[in-house]
*Asks:* 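Structure in structure tokens, see below.
It should be emphasised that the depicted structure is a prediction, and the values quoted were computed from it without experimental measurement. Both backbone and side-chain heavy atoms feed into the values below; hydrogens, waters and symmetry mates do not.
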Amino acid sequence: MQEDKINHQQDHSYSMPSSLKQEDGRIWQDRNLQIIFAITLMAVMGVASITPAFPKIIKELRIPPHNIGLLITAFTVPGVFLTPVLGVLADRFGRKRILAPSLFLFALAGGACAFSQNFHALLILRFLQGIGAAALGSLNATLIGDLYVGSELGAAMGWNASVLSLGTASYPALGGVLAAAGWQYPFLLPLLAIPVGLLVLFVLQNPEPKNSQPLSGYLRGIWKVLHNRQVAGLFIATLAIFIILYGSYLTYLPLLLNHSFKASSVVIGLIMSGMSCTMALTAAQMGRLTKIYAKKTMIQAAFVLYALSLLLIPFVSQLWLLLLPIALFGAAMGINVPCLQTMLAGLAPLEYRGAFMSVNGMVLRLGQTLGPLLMGAVFAGYGINGVFYAGAACSLLMVLAIAALL
């Protein structure tokens with residue numbers, strides 16, 4: 001690992017633009033980071049912006065309600081298999097050569113969805129759009145790792161997580177407004193990825209890896225970087241976070257709100273977006289926090305916050321009191337996501353970082369897939385409160401796992 005750290009330091013002595021020398025508090029003003037923010041906003045657009053249109057799609061295209069989830073599955077499945085492959089290609093051929101075509105495919109296939117005449121054509125286009133999206137959520141973090149070191153890296157990851165959470169909070173509202181005019185209109189939003197792709201091609205200044213070694217040597221290098229206990233701990237933490245997020249929180253909190261508090265869909269949306277807002281505020285402070293606390297300590301503290309939040313939810317008797325556990329959950333997300341990405345990006349040298357971060361993206365997608373399935377089994381056996389207790393137990397186990405692995 002010492003050799004890896006030396007390689008990582010050497011990465012940043014190579015073609016670093018002078019514009020990157022920002023103070024942590026003002027690093028968000030760097031033009032390169034702003035372009036990465038735009039990539040991040042495209043990466044989280046594909047699902048959050050279209051879900052408000054689902055009722056109209058069911059009616060207009062005359063499909064069974066239980067099939068509407070295929071619009072999400074068709075979009076996410078390519079990422080499970082392609083994300084590591086695209087990460088390898090980004091290491092071998094350069095970030096821009098993968099990112100720009102991905103953004104253009106995401107835009108064109110997504111925009112074409114608005115003109116679909118039947119559900120089957122819509123699913124095919126969503127699958128193609130998912131291929132375009134597969135690289136976006138990992139290569140944005142890869143670029144940050146390429147461009148920044150030290151406290152700047154932590155600050156940049158924090159700002160990026162803040163932008164991500166603002167996107168996930170605002171896209172459902174924006175998609176709902178567009179869907180009110182017609183189910184097709186939310187599908188036009190991905191066309192914004194075209195100017196983002198042009199910015200990547202012609203404006204972004206980033207160091208590109210120079211991989212002249214044979215593929216076999218490159219793959220051995222990736223394995224050397226991946227094959228250690230600390231990396232395994234970070235991947236396990238990522239998997240646990242997204243099992244908890246997509247299992248206990250995103251899947252079953254809306255059901256609790258509707259069943260126990262008779263909350264409308266608008267109220268549920270507003271409450272759920274509260275977590276993203278708290279995440280954004282917390283993540284924006286990561287540059288300061290990483291100067292004071294060790295990242296391992298912050299990750300453990302975040303899992304304690306998850307546990308506390310999930311343990312409180314079953315005992316809440318009034319709707320407004322849910323703001324406290326939701327704020328705690330958002331704060332935990334705002335700490336954990338940038339911390340984990342910062343540590344992962346710092347462990348991989350530039351020539352392997354694309355594949356390295358893409359493996360983390362695959363782990364993330366796996367957590368998104370397993371979360372609803374695992375918590376669904378808990379729900380069947382122990383009811384809705386059991387789902388939150390199971391999430392809390394998982395969080396507390398991760399506190400111990402982080403102590404042992406990191």
*Asks:* With a 3.5 Å distance limit and no angle check, can you tell me whether S309 reaches the backbone of L328 through a side-chain donor-acceptor pair?
*Replies:*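 Answer holds: no.
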*Asks:* Under 4.5 Å between any side-chain heavy atoms of V163 and I36, yes or no?
*Replies:*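 Result no, sub-4.5 Å side-chain heavy-atom pair not found.
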*Asks:* Output yes when a side-chain donor or acceptor of R126 lies under 3.5 Å from a complementary backbone atom of G46, and no otherwise.
*Replies:*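 Such a contact is found between R126 side chain and G46 backbone.
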*Asks:* Could you pull out the closest heavy-atom pair between A133 and F75, with the gap in Å?
*Replies:*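 Distance-wise, the nearest heavy atoms are CB-CZ, 3.5 Å.
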*Asks:* I need the L153 CG to M343 CE distance, nearest 0.5 Å.
*Replies:*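 CE of M343 is found 11.0 Å from CG of L153.
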*Asks:* Using side chain to side chain donor-acceptor pair (under 3.5 Å) as the criterion, point out the one residue from N140, T142, D146 that pairs with R95.
*Replies:*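 Exactly one candidate clears the test, D146.
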*Asks:* Counting only heavy atoms not in F261, do more than 12 fall under 6.0 Å of its CZ?
*Replies:*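 Atom CZ in F261 is crowded, with more than 12 foreign heavy atoms closer than 6.0 Å.
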*Asks:* Using every non-hydrogen atom in the two residues, find where L191 and P195 come nearest and quote the distance to one decimal.
*Replies:*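 Result for this residue pair: O-CD, 3.6 Å.
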*Asks:* Return the CD1 to CG distance between I50 and L189, rounded to the nearest 0.5 Å.
*Replies:*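 Between atom CD1 of I50 and atom CG of L189 there are 10.5 Å.
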*Asks:* Could you check whether any side-chain N or O of S165 sits under 3.5 Å from a backbone N or O of A161, counting only pairs where one atom can act as donor and the other as acceptor?
*Replies:*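 The answer is yes, because a donor-acceptor pair under 3.5 Å joins these two groups.
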*Asks:* Of all the heavy-atom pairs spanning E208 and L350, show the shortest one and how long it is.
*Replies:*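 Answer, listing the atom of E208 first, then L350: C-CD2, 3.8 Å.
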*Asks:* Looking at every heavy atom in both M375 and V387, which two are closest together, and how far apart are they?
*Replies:*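 In terms of heavy atoms, the two residues are closest at O-CG2, 3.6 Å.
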*Asks:* Got a second to check how far L234's CG is from Q341's CD, nearest 0.5 Å?
*Replies:*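 L234 CG to Q341 CD: 11.0 Å, rounded to 0.5 Å.
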*Asks:* Using side-chain heavy atoms (C-beta onward) and a distance below 4.5 Å, is I271 in contact with I326?
*Replies:*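 The answer is yes; the side chains approach within 4.5 Å.
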*Asks:* Do M275 and T168 have side chains that get closer than 4.5 Å, going by heavy atoms?
*Replies:*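 No - every pair of side-chain heavy atoms lies 4.5 Å or more apart.
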*Asks:* How long is the gap from CD1 on I313 to OG on S248, to the nearest 0.5 Å?
*Replies:*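 Here the interatomic distance stands at 8.5 Å.
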*Asks:* Can you find a pair of side-chain heavy atoms, one from I35 and one from V200, that are under 4.5 Å apart?
*Replies:*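 Answer yes - side chains close enough.
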*Asks:* Would you sort out whether S138 and N360 count as a side-chain contact (heavy atoms from CB on, under 4.5 Å), showing the intermediate values?
*Replies:* CA-CA 8 Å; S138 58; N360 186 60; over 6 Å; no
*Asks:* Please determine whether side-chain hydrogen bond (donor to acceptor under 3.5 Å, both in side chains) holds for the pair R288 and Q285, giving the CA-CA distance in whole Å, both sets of side-chain angles, and the decisive distance to 0.1 Å.
*Replies:* CA-CA 6 Å; R288 296 183 178 91; Q285 305 304 313; 2.8 Å; yes
*Asks:* Got a second to check how far L71's CG is from L61's CG, nearest 0.5 Å?
*Replies:*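 One finds 8.5 Å between CG of L71 and CG of L61.
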*Asks:* Just do the side-chain contact (heavy atoms from CB on, under 4.5 Å) check on N67 and I58 with the steps written out, would you?
*Replies:* CA-CA 9 Å; N67 284 343; I58 291 171; over 6 Å; no
*Asks:* Can a donor-acceptor pair be found, under 3.5 Å and without considering hydrogens, that links the side chain of Q300 to the backbone of V399?
*Replies:*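 Answer holds: yes.
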*Asks:* Charged N to carboxylate O below 4.0 Å: is that the case for R353 and D91?
*Replies:*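 Salt bridge: no.
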*Asks:* Checking side-chain contact (heavy atoms from CB on, under 4.5 Å) for the pair I27/W159: CA distance, chi angles, key distance, verdict?
*Replies:* CA-CA 9 Å; I27 200 170; W159 279 107; 3.7 Å; yes
*Asks:* Going from CG on L322 to CG on L312, what distance comes out if it is rounded to the nearest 0.5 angstrom?
*Replies:*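 The distance works out to 10.0 Å.
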*Asks:* What are the two closest heavy atoms between T342 and G154, and how far apart are they?
*Replies:*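 That would be OG1-CA, 3.7 Å.
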*Asks:* Does any non-hydrogen side-chain atom of M157 lie less than 4.5 Å from one of M286?
*Replies:*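 The answer is no; the side chains never approach within 4.5 Å.
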*Asks:* Does T282 use its side chain to pair, donor to acceptor, with the backbone of G334 at less than 3.5 Å?
*Replies:*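 The answer is no, because no donor-acceptor pair under 3.5 Å joins these two groups.
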*Asks:* Scan residues 225-256 for pairs that pass ring-ring contact (aromatic ring centres under 6.0 Å, His included), counting only residues two or more places apart or in two chains.
*Replies:*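 Applying ring-ring contact (aromatic ring centres under 6.0 Å, His included) to every pair that reaches into residues 225-256, excluding sequence neighbours, yields W223-H227, Y249-F329, Y252-F379.
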*Asks:* Within the structure provided, determine whether L226 and F356 are in side-chain contact (heavy-atom separation under 4.5 Å).
*Replies:*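 Side chain of L226 against side chain of F356, heavy atoms only: contact under 4.5 Å found.
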*Asks:* Tell me which one of L405, I244, I236 satisfies side chain to side chain contact (heavy atoms under 4.5 Å, CB included) with M398.
*Replies:*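 Option passing the side chain to side chain contact (heavy atoms under 4.5 Å, CB included) with M398: I236.
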*Asks:* Taking C-beta and beyond as the side chain, do F54 and I72 meet within less than 4.5 Å on heavy atoms?
*Replies:*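 Answer yes - side chains close enough.
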*Asks:* Does any N or O in the side chain of S162 come within less than 3.5 Å of the main-chain N or O of G158, such that one atom is a donor and the other an acceptor?
*Replies:*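 Side chain of S162 to backbone of G158, a donor-acceptor pair under 3.5 Å: no, none is there.
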*Asks:* Hey, does the side chain of T290 reach the backbone of G287 with a donor-acceptor pair shorter than 3.5 angstrom?
*Replies:*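 Checked: pair present.
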*Asks:* Between K295 (side chain) and C339 (backbone), is there a donor-acceptor pair under 3.5 Å?
*Replies:*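 Not confirmed, K295 side chain does not pair with C339 backbone.
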*Asks:* Is there a side-chain contact (heavy atoms from CB on, under 4.5 Å) between L374 and I243 once you walk through the steps?
*Replies:* CA-CA 8 Å; L374 294 174; I243 286 175; 4.1 Å; yes
*Asks:* Please check if the side chain of K56 supplies one atom and the backbone of Q184 the other of a donor-acceptor pair under 3.5 Å.
*Replies:*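 Not a single qualifying donor-acceptor pair exists.
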*Asks:* Name every donor-acceptor pair, under 3.5 Å, that has one atom in a side chain of residues 173-181 and the other anywhere in the protein, sequence neighbours excluded.
*Replies:*
none

*Asks:* Is there a donor-acceptor contact under 3.5 Å from the side chain of N385 to the main chain of P314?
*Replies:*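 Side chain of N385 to backbone of P314, a donor-acceptor pair under 3.5 Å: no, none is there.
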*Asks:* Any side-chain heavy-atom pair from I299 and F303 closer than 4.5 angstrom?
*Replies:*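 Yes, close enough: below the 4.5 Å cut-off.
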*Asks:* Taking all atoms of both residues into account, what is the closest heavy-atom pair of I144 and A156, and its distance?
*Replies:*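 I144 and A156 have their closest heavy atoms at CG2-CB, 3.7 Å.
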*Asks:* Can you list every salt bridge (charged side-chain N to carboxylate O under 4.0 Å, His left out) pair that touches residues 57-68, not counting sequence neighbours?
*Replies:*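 Every pair satisfying salt bridge (charged side-chain N to carboxylate O under 4.0 Å, His left out) with a residue in residues 57-68: there are none.
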